[in-house]
Amino acid sequence: MPQHWLFKSEPGVYSIDDLKRDKKSSWDGVRNYQARNYLRDSMKRGDLVLFYHSGSEIPEAGPGIAGVAKITREGYPDATALDPKHPHHDPKSTQAEPIWMMVDIEFVERFPAVVSLEELKGEKALEGMLVLRKGQRLSVMPVEPVHFEHVLKLGRSRK
DNA sequence: GCCAACGTTGGC
DNA sequence: GCCAACGTTGGC
């Protein structure tokens, strides 16, 4: 059984449409230990990912879940942390002992319209969902299967 | 090991 | 642009 996750991205930086265009992408740049542990230890090939748009600079494109992706490659060393010229370079991370991890994902589907954070908060069925917790800043987090299924239903039910 | 200072995230 | 929440850093 595949597990379920939620990845946050600022759509101005990388959106579901960018992923649709690219078909696949490496999920690099995560610099939080708890998130790193999920990337390194828990994510498996075939796991499904809710693609979340956060803090958009475009006011009418508020935060929400924009679509679905799938994990195609399990955790491996984050190349941006090892590259001295990269803005996300971390001198503490080395080839021999990499600190930060990334996974690869591929595009699965884009919802006809983003399921807004406001709508998610109003759903009884999503009570307790991690991303809805106040002060929840993890960029990568697990999602319970029932919550995942409910979000899918919401996302597919609109035009 | 405590905790103040600081930086970042992200909703509003 | 503001600010609450949180993680990290560094002085002691």
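Proteins come first, then strands; the chains are lettered A, B, ... in the order of their sequence lines, and each starts at number 1. Computed from a predicted model, the values in this text were never measured in an experiment.
For A:Leu82, the side-chain contact (heavy atoms from CB on, under 4.5 Å) partners two or more places apart in sequence, or in a different chain, are A:Pro77, A:Ser93, A:Gln95. In this structure A:Phe51 satisfies the ring-ring contact (aromatic ring centres under 6.0 Å, His included) test together with A:Trp27, A:His53, sequence neighbours excluded.
A:Gln34 places its CD atom 16 Å from the P atom of B:dT9, with the value rounded to the nearest Å. Rounded to whole angstrom, the span from the CG atom of A:Asp90 across to the P atom of B:dT8 amounts to 14 Å. Separating the CE atom of A:Met141 from the C1' atom of B:dG10 is a distance of 11 Å, rounded to the nearest angstrom. A straight line from CG of A:Leu6 to P of B:dG10 spans 11 Å, rounded to a whole angstrom. Atom-to-atom, CG of A:Asn32 to P of B:dT8 comes out at 14 Å; the value is rounded to the nearest Å. Separating the CD1 atom of A:Ile99 from the P atom of C:dT8 is a distance of 11 Å, rounded to the nearest angstrom.
The main-chain N or O of A:Ser15 is found under 3.5 Å from a side-chain atom of A:Asp18 such that the two form a donor-acceptor pair. Put simply, the side chain of A:Ser9 gets close to the backbone of A:Tyr14: a donor and an acceptor are under 3.5 Å apart.
Salt-bridge annotation for A:Asp104 and A:Lys24: absent, with no side-chain N of the basic residue lying under 4.0 Å from a carboxylate O of the acidic one.
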List the atom pairs, with distances to 0.1 Å, where a side-chain N or O of residues 142-154 of chain A and a protein N or O form a donor-acceptor pair under 3.5 Å, not counting sequence neighbours.
from: A:His147; atom 1: NE2; to: A:Glu127; atom 2: O; distance (Å): 3.4
from: A:His150; atom 1: NE2; to: A:Glu123; atom 2: OE1; distance (Å): 2.7

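For residues 25-41 of chain A, the set of pairs meeting the salt bridge (charged side-chain N to carboxylate O under 4.0 Å, His left out) definition, not counting sequence neighbours, comprises A:Arg31-A:Asp78.
Near DNA chain C, defined here as any heavy-atom distance below 4.0 Å, there are no residues from residues 114-132 of chain A.
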Nucleic acid footprint by protein, nucleotides 2-7 of chain B - heavy-atom cut-off 4.0 Å, B for base, S for sugar-phosphate alone: -----B
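Annotation: the span from A:Leu126 atom CG to A:Ile65 atom CD1 amounts to 8.0 Å, rounded to 0.5 Å.
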